[in-house]
Amino acid sequence: MKTEDVIIINNNEIASEIWEMEFLAPKISSNYKGAGQFIQIQLDPGWGNPLRRPMSIASCRDSKISIIYKIFGQGTKILSQKISGDVLNVLGPLGNSFQYKKNNLNILVGGGVGLAPIINLWKELDELRDNSYLIIGAKTKNEHIHSHNPDEHIYLTTDDGSMGLPGTVMEALKVVYENVKSSEVFACGPEPMLKQIQSFVIKNNIPAQLSVESYMGCGVGICQGCIISRRNYKNKNHSYHKKYSLVCVDGPIYSAGDVIFD
Amino acid sequence: MKTEDVIIINNNEIASEIWEMEFLAPKISSNYKGAGQFIQIQLDPGWGNPLRRPMSIASCRDSKISIIYKIFGQGTKILSQKISGDVLNVLGPLGNSFQYKKNNLNILVGGGVGLAPIINLWKELDELRDNSYLIIGAKTKNEHIHSHNPDEHIYLTTDDGSMGLPGTVMEALKVVYENVKSSEVFACGPEPMLKQIQSFVIKNNIPAQLSVESYMGCGVGICQGCIISRRNYKNKNHSYHKKYSLVCVDGPIYSAGDVIFD
Amino acid sequence: MDLFIQQEMLSLIDMSIKIGKVLFKNPIITASGTFGYGTEVSSLVNVSKFGGIVTKSITLNPREGNPPPRIVETPSGMLNSIGLANIGVDQYISKKIPLYSTIGTNIIMNIAGTTVNEYIEIIKKVESVSSNIVGYEINISCPNVKRGGMEFGIDCDLTEKLTESLRKITERLLIVKLSPNVTNIASIAQSAEKAGADAVSAINTVVGMSIDIHKQKSKVYTKLSGLSGPAIRPIGIASVHKIFQAIDIPIIGIGGITCGNDVLEYILAGASAVQVGTSNYRDPGIALSMIEEIKLYGEKYIISSISDIVGVVSSNTK
Amino acid sequence: MDLFIQQEMLSLIDMSIKIGKVLFKNPIITASGTFGYGTEVSSLVNVSKFGGIVTKSITLNPREGNPPPRIVETPSGMLNSIGLANIGVDQYISKKIPLYSTIGTNIIMNIAGTTVNEYIEIIKKVESVSSNIVGYEINISCPNVKRGGMEFGIDCDLTEKLTESLRKITERLLIVKLSPNVTNIASIAQSAEKAGADAVSAINTVVGMSIDIHKQKSKVYTKLSGLSGPAIRPIGIASVHKIFQAIDIPIIGIGGITCGNDVLEYILAGASAVQVGTSNYRDPGIALSMIEEIKLYGEKYIISSISDIVGVVSSNTK
Ligand SMILES: Cc1cc2nc3c(=O)[nH]c(=O)nc-3n(C[C@H](O)[C@H](O)[C@H](O)COP(=O)(O)OP(=O)(O)OC[C@H]3O[C@@H](n4cnc5c(N)ncnc54)[C@H](O)[C@@H]3O)c2cc1C
Ligand SMILES: Cc1cc2nc3c(=O)[nH]c(=O)nc-3n(C[C@H](O)[C@H](O)[C@H](O)COP(=O)(O)OP(=O)(O)OC[C@H]3O[C@@H](n4cnc5c(N)ncnc54)[C@H](O)[C@@H]3O)c2cc1C
Ligand SMILES: Cc1cc2nc3c(=O)[nH]c(=O)nc-3n(C[C@H](O)[C@H](O)[C@H](O)COP(=O)(O)O)c2cc1C
Ligand SMILES: Cc1cc2nc3c(=O)[nH]c(=O)nc-3n(C[C@H](O)[C@H](O)[C@H](O)COP(=O)(O)O)c2cc1C
Ligand code: FES
Ligand code: FES
């Protein structure tokens, strides 16, 4: 993990209110471990917003890193106003990454801006495409950046039925799961979605890895700000209390059974 | 006085660390009264810097206003990073303006960034050029945006003698003053310069108008933050105490005899 | 009558609030010292739309205030040490009060003194003339005057005695403005309530300091000065939250309010109304846009009256 | 010897300072709770360059801390309510103290308790093992625990008693960390001095609150939490200024420090050293650049030792 002044190459709106930014980050990418890791972006040199903003890595290749982000508040607004050539100070790569098994069928589920690490994992699984399924949910078709394509194992859902399967990712997950055996689920998205996936995988006894979000201070384990509640305490280096885990260093990827959503 | 979202047309470094910005401001320019007035610029929509930054109007024509500014701290740094097409929120025009007499010889003295209102007045005196003298001082030639041209009544000075007359504006002022009668001095610049001019005009019994600076809060007379000490109290609308005057509404232009520099 | 119906339809939420017997058309008031005497910027802003205006602190005698520099910006805030510069009560009565007869909003007169008697004398003078001032805000908390109100603001007994004395001489609104520079702001609020105040307002500025490292001196003339602006908003909200649990009279929330969201935070924490201070310096009309933002919030969450949500976050046990 | 001369030439200003009998290589220390146990980010930052590290508050028993959410950003600041999550003194002794033998900087152990006896027990345990900890910072001022140190921090007598008891059982540095949430921080500092503290540090976080208006609940789990970051810097500097006039032992300034300029403001106000907190979250190496900035200042104004400028602004009469 390093802080690095990265140079923006691209910053474009790729779907309604959803942006993709790509930048040159040789130092950070040389330490990159895999899909699921994130970075902490400093908004500007001033101190109006003292905290960095956490963003999952959506791709990492040839010294370049990309993120996919949605405009929530002031910070993401500021990011969307950056143009190519601008410089950002970034800390990373941070956190752990998804761990997949070659022999499993891997079902990837992304919802909302939970997209980024899931797309990243999808790219990582390139050679295992035959064994992999991608499910992406959004409210409506304007928010989708892929095409619904079950032949290629890509299933899109929309709440309003305007694209792909109508309903949430749960509908698609059930459909896909019925056709496969020995599978593992990888998911990232809003908490309500993760909760539903958690019940589903526990009920069906499928292993699953969830990427969770939490309000971050430092991103490196020194503020104790980013905790989530957990089950199944295993002694980790940083989360030195049984009940909670530090998302920034022991996460953001957790085994579905270990996470308690409050 | 109005707040207006103005659109930047140009923003360029015109001399070492000195920038000129021009923007479209139809509302503000329609209320403009003359050289000496200023505007208050909001740095950005966030609240990291709550206070606007005061800047003298350097020109006002055809709905366009320009300013000339020097990078001091974070605020002026932010201004220098704006590009054409960007929008700024501006309050103005504020304060009073220089009042000149047609029959006088007018000697204009600008030092450092005190340049802006003096250049503006110089433009205003266009038809009276024969009776007007412009003196501009800087540390070194890189900071000058004009040419030394005594034939055109333009006298530049540099502390290091790298352009125009060596020394401060005082040297030039003495030279010019020796050649003229019934004159009035108009000056804007750093406090040490204004102090010297004040002693000079008082000693020689010449009328003079000084544009003074002060740390500004509101710019419209409601915070009482921007006072300077004064002599010769005349009942003004806003400065309702004898000892002090509100620079934003009763200034920034004062008769040299009225100002006390602390 | 027609007009009344029309307004009803435009704004589903009832924005009016009551403090003591006084009705405010909306809960957004400008804070003392940050809107002059209320008349300076009337060409720029339609002040009649405000819920009210608190005028600059008035003392018995005119005060020139502190020497410059008086203000400096800090991260998301500013320090000020104006030193209660004001025209004094006599000129206030002769020059300002007449202007308020047509101003179209509630004027609250803020007063400051160094002894109980000074406060009494000021109010007696104002009470002896006819005016449409709706009440007094008692500044017992200004940190920028050497012998000033501050001594009252940090002491429960003094606050009680002062409030009691003033309660006897006016039927108008009596609002005690509290200092955050104390260990227990809620207990000072209780003293004010006990002595008959109609409301308390909180907070005044927080004591702060900033140094010019090159000149090696304080950036404002007096070394200590008062911190205001968004930086102190969390302190103001916490203060209102604590006071809300201690008293039953209305609280007017102050500190770092910049938008409708901020107003609502204060209201949810227990404020019946709010005052906008430093933000006026960025834009003297800023309070007007807050009114609109609150109306939208009211529509979105189907709130029929702003009073319905006062303190809902602070009264929850969790 | 060669090395010493070389350093002398590079940095004309003597950056070292002394607190009690302990020498610090420079006045820049990381603040408790904002740099973990000092070892978490050693791969990212050369911690041996710091003047010192104050470790996270340690309590007698391990504490899991408060439920999430624990932090939220505010204008130029942040609120936190970690709730003293820590591994407890026994694990601190067995797992952390051994790591400090090679850390290359002064380790100050911050401790927190709810009773005098708890503080005593913690220190006794640490004193009974061998360690290179240079001293203890006594947290009597954490606002985020329901029954916590806060009661000490607001009361002079309790502060005095606590300090006295701890002074008896250790010869190591004893630094009392003060709360800004009091009427008179200088008098608490005087109590600490009287009872034998080697230094005081100020300030801990300021009580604050922030509300999510859509969920209508506090943004951090506990309603009240602690405000830190640049927003509170003017409050920290004012506190140091006031304390400087009241006591003779060294003051460690804390609150909103982001750069060398900010460090110097604290030093000019009366701090002999400073602690950097929230800024570490933006960049765990941020304190290192401050050291360089101060050296440049020292060169520019020809200051031979950083101690020469401690309090020069606060001791001026004007
Ligand atoms: C590990 C991790 C990975 C993430 N990856 C992505 C991603 O790939 N794409 C994406 O769009 N978003 C991602 N997020 C969420 C993203 O960090 C927030 O949307 C962003 O910080 C909002 O900032 P803002 O200033 O626009 O909003 P604000 O106005 O500051 O706040 C809006 C909301 O954003 C959240 N937020 C604000 N600051 C932080 C912070 N420092 N840490 C965590 N949450 C915060 C809060 O919950 C808040 O309610 C991720 C978050 C985490 C923890
Ligand atoms: C009436 C008036 C007209 C001015 N005209 C010009 C001009 O034409 N060109 C120009 O370059 N400068 C002008 N200035 C000065 C200019 O306002 C400051 O240089 C600018 O505000 C600095 O902002 P900053 O954020 O870069 O610096 P900061 O880092 O904020 O501060 C640097 C210095 O700038 C001054 N300053 C900061 N904020 C303010 C404020 N709100 N009001 C007054 N001073 C402040 C302070 O003295 C401070 O020491 C004028 C000032 C006044 C009062
Ligand atoms: C420049 C300035 C002058 C002030 N003058 C007064 C005053 O005369 N009387 C008073 O009670 N409060 C005064 N205040 C305090 C404000 O009324 C308000 O309590 C404080 O600024 C916090 O609110 P804010 O953060 O919205 O500014 C003043 C504040 C500022 C910034
Ligand atoms: C997340 C967080 C945790 C903190 N934990 C502690 C603590 O355990 N003990 C303590 O004495 N102070 C603690 N503090 C207070 C800091 O040490 C410091 O006094 C305060 O944050 C002000 O400094 P700053 O503005 O530089 O952050 C904590 C601060 C933060 C932001
Ligand atoms: S974000 Fe600071 S410990 Fe995780
Ligand atoms: S700047 Fe506010 S009164 Fe002049």
Side-chain angles (χ1 to χ4, degrees), chain B residues 1-5 27 31 40-54 73-75 89-92 94 191 212-230 233 235 237-250 259-262, chain C residues 30 33-41 43-45 55-57 62-88 91-92 95-96 219-221 228-231 233 256-259 262 277-286:
Chain B
M1 107 194 104
K2 298 267 176 263
T3 60
E4 183 172 7
D5 282 327
K27 276 210 252 168
N31 288 299
Q40 285 261 83
I41 305 180
Q42 182 176 311
L43 292 179
D44 63 65
W47 285 85
N49 297 98
L51 299 181
R52 290 169 183 263
R53 295 296 188 268
Q74 210 194 325
N89 187 278
V90 173
L91 173 69
L94 304 169
E191 203 173 291
V212 307
E213 280 195 14
S214 143
Y215 209 101
M216 298 251 159
C218 64
V220 297
I222 56 177
C223 79
Q224 300 277 320
C226 62
I227 53 150
I228 51 148
S229 303
R230 72 151 152 224
Y233 174 68
N235 198 345
N237 216 353
H238 297 280
S239 303
Y240 39 75
H241 23 63
K242 288 207 170 93
K243 196 168 164 187
Y244 300 123
S245 176
L246 290 187
V247 174
C248 70
V249 279
D250 293 336
V259 179
I260 302 173
F261 293 107
D262 301 271
Chain C
T30 58
T34 68
F35 212 73
Y37 295 117
T39 52
E40 287 86 342
V41 291
S43 69
L44 192 62
V45 182
T55 57
K56 175 119 199 80
S57 278
R63 283 177 60 96
E64 63 206 14
N66 292 330
R70 287 181 171 181
I71 58 174
V72 68
E73 196 183 63
T74 66
S76 294
M78 66 178 281
L79 289 166
N80 91 77
S81 178
I82 307 298
L84 297 181
N86 79 95
I87 54 178
Q91 284 192 65
Y92 185 80
K95 291 190 184 155
K96 300 299 171 188
K219 283 192 179 168
V220 297
Y221 181 85
S228 65
R233 188 165 65 236
I257 293 173
T258 66
C259 62
D262 302 345
T278 301
S279 297
N280 293 315
Y281 301 156
R282 175 178 285 196
D283 182 353
I286 202 162

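Every chain is numbered from 1, with letters handed out A, B, ... down the list of sequences.
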### Query
Roughly how far, to the nearest 0.5 Å, is NZ of C:K96 from NZ of C:K56?
12.5 Å

#### Entry: Nearest atoms (heavy-atom pairs only) where C:T34 meets B:I222
O-CD1, 3.5 Å

#### Entry: Region of C:P230 that comes under 4.5 Å of a non-hydrogen atom in chain B
side chain

### Task
Compute whether any side-chain donor of one residue and acceptor of the other, for C:R282 and B:N89, lie under 3.5 angstrom apart.
no

### Message
For the interface with chain B, which of C:S279, C:P69, C:P62 has the highest count of heavy-atom pairs at distances below 4.5 Å?
### Response
C:S279

### Task
Examine whether an atom of C:V220 lies under 4.5 Å from a heavy atom of chain B, and if so say whether it belongs to the side chain, the backbone or both; otherwise answer neither.
neither

#### Entry: Region of C:T74 that comes under 4.5 Å of a non-hydrogen atom in chain B
backbone

#### Entry: Polar side chain donor-acceptor pair, C:S81 to C:N66, under 3.5 angstrom
yes

### Task
Against chain B, work out which of C:T278, C:V45, C:T258 has the most heavy-atom pairs shorter than 4.5 Å and name it.
C:T258

### Task
Mind listing the closest non-hydrogen atom pair of C:R70 and B:G225 along with its distance?
CB-O, 3.7 Å

